[in-house]
2 protein chains.
Amino acid sequence: MEDKSQITDAEWEVMRVVWTLHQATSKDIIEVLRSKKNWKQATAKTLIGRLVQKGLLETEQDGKRYLYTAAVDETESVKMLEQRLFDRICNKEVGKTIASMISESTLSHNDIELLEETLNRKKSEAVEEVKCNCVPGQCQCKGHHH
Amino acid sequence: MEDKSQITDAEWEVMRVVWTLHQATSKDIIEVLRSKKNWKQATAKTLIGRLVQKGLLETEQDGKRYLYTAAVDETESVKMLEQRLFDRICNKEVGKTIASMISESTLSHNDIELLEETLNRKKSEAVEEVKCNCVPGQCQCKGHHH
DNA sequence: ATTTAACGTTTACAATTGTAAACTAACATT
DNA sequence: AATGTTAGTTTACAATTGTAAACGTTAAAT
């Protein structure tokens with residue numbers, strides 16, 4: 001329970017490479033990010049270093065160099081991102097917000113099917129009314145009389 | 001087209017007050033955030049100042065003080081947040097990600113209904129397969145043969 | 001053995017963010 | 001008029017982030 005560390009935008013780029021390759025050398029990472037972001041190798045190195053410090057990357061010696069693996073799960077990390085988004089809005093708005101995401105995304109038939117199933121499963125635990133979780137003055141729910 | 005400015009966590013707290021009250025005095029803001037975040041008034045003042053600078057808050061003179069109003073729409077701002085989330089994952093994962101959000105949220109019957117409608121409307125424009133938008137090395141889609 | 005290439009570590013440095021005190025100008029009070 | 005209260009503006013300052021060069025060490029090549 002040490003780990004509330006945020007993954008920054010730049011760091012995320014590195015994590016994605018490691019998540020994808022499962023095990024990556026700095027060279028792998030440097031190469032991908034040179035092509036995607038035009039980073040100098042030094043930049044990738046710095047980020048790798050920081051991620052190791054933060055405990056988000058693990059190292060395994062492999063001869064003279066390291067093999068990097070992710071210490072955190074990608075899915076978990078995405079969930080934390082989602083959480084950070086929902087932390088910014090009222091609980092009551094979550095449904096509409098998800099609806100808006102659906103509207104704006106490109107989805108496949110399979111995706112839609114998955115969402116329908118998910119929604120159906122969700123029905124059993126749907127509540128009558130979602131409770132607002134905001135302090136007065138930060139959402140419309142609590143009346144603030146003009 | 002000047003405005004790519006991020007709203008930081010702390011700034012967001014201020015924006016929420018203004019979005020909620022539509023028009024707020026610094027006093028309003030200070031009060032809400034003192035109660036919610038235990039901020040010293042100075043802290044709220046700094047954030048207000050920065051938001052005005054960034055053009056995210058507008059001021060209207062009211063006697064000796066200002067009335068602050070939001071220069072950006074809350075819904076728009078939330079959409080930008082959503083975008084920042086989706087920018088971190090492969091397009092092909094968007095569906096699953098939304099499904100996961102649904103699973104983990106508290107939703108009302110109305111929300112579910114809304115989502116079902118949204119989903120139905122979406123069916124017409126569903127694609128056979130969502131195209132991956134990642135560089136090789138940052139998602140599983142493009143084969144990278146171990 | 002000497003030189004070079006590769007890789008991790010240190011140092012750098014400006015911009016942004018979180019937090020807040022100090023200062024100043026304008027009003028309201030006594 | 002003198003003083004206290006407000007509200008906005010300046011200054012402060014450490015931590016984090018984005019970007020990268022420089023350095024040191026080890027392994028590979030000549």
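All heavy atoms count here, side chains included; hydrogens, waters and symmetry mates do not. First the proteins, then the strands, lettered A, B, ... as listed; each starts at 1.
In this structure, A:Thr46 contributes its side chain and A:Ala42 its backbone to a donor-acceptor pair below 3.5 Å.
Not one side-chain nitrogen or oxygen of B:Thr46 sits closer than 4.0 Å to the OP1 or OP2 atom of C:dA20. Between B:Trp39 and C:dT19 there is a side-chain polar atom (N or O) within less than 4.0 angstrom of OP1 or OP2. Checking the phosphate oxygens (OP1, OP2) of D:dT17, a side-chain nitrogen or oxygen of A:Lys54 falls inside 4.0 Å. For the OP1/OP2 pair of C:dA20 and a distance below 4.0 Å, the side-chain nitrogens and oxygens of B:Thr43 include at least one atom meeting the criterion.
At whole-Å resolution of the value, NZ in A:Lys27 and P in C:dG8 are 11 Å apart. Counting to the nearest Å, the P atom of C:dA26 and the CG atom of B:Asp62 are 17 Å from each other. A straight line from CZ of A:Arg65 to P of C:dA5 spans 18 Å, rounded to a whole angstrom. Rounded to whole angstrom, the span from the NZ atom of B:Lys45 across to the C1' atom of D:dA7 amounts to 6 Å. Counting to the nearest Å, the C1' atom of D:dG18 and the CG atom of A:Asn38 are 14 Å from each other.
Residue A:Gln61 places its CD atom among more than 12 non-hydrogen atoms of other residues, nucleotides or ligands, all under 6.0 Å distant.
No option in B:Arg50, B:Gln6, B:Arg16 other than B:Arg50 meets the side-chain contact (heavy atoms from CB on, under 4.5 Å) test with B:Glu11.
As judged by a 4.0 angstrom heavy-atom cut-off over every strand, A:Leu47 is placed among the base-contacting residues. Nucleic acid contact class of A:Lys40 (heavy atoms, under 4.0 Å, all strands): sugar-phosphate only. At a threshold of 4.0 angstrom between heavy atoms, the contacts of B:Thr8 are confined to the sugar-phosphate backbone, with no base atom among them.
Closest contact between the side chain of B:Ala42 and the listed nucleotides C:dA20, C:dC7, D:dG18 involves C:dA20. Closest to the B:Lys64 side chain, of the nucleotides C:dT17, D:dT19, D:dT6, is D:dT6. Between C:dA12, C:dG18, C:dC7, one nucleotide has an atom nearer to the side chain of A:Arg50 than all others, and that is C:dA12.
When all heavy atoms of A:Cys132 and A:Cys90 are compared, the closest pair comes out as SG-SG, 3.9 Å.
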- Query: Step by step, would you call B:Glu74 with B:Lys79 a salt bridge (charged side-chain N to carboxylate O under 4.0 Å, His left out)?
  - Reply: CA-CA 9 Å; B:Glu74 174 165 25; B:Lys79 273 199 214 308; over 6 Å; no
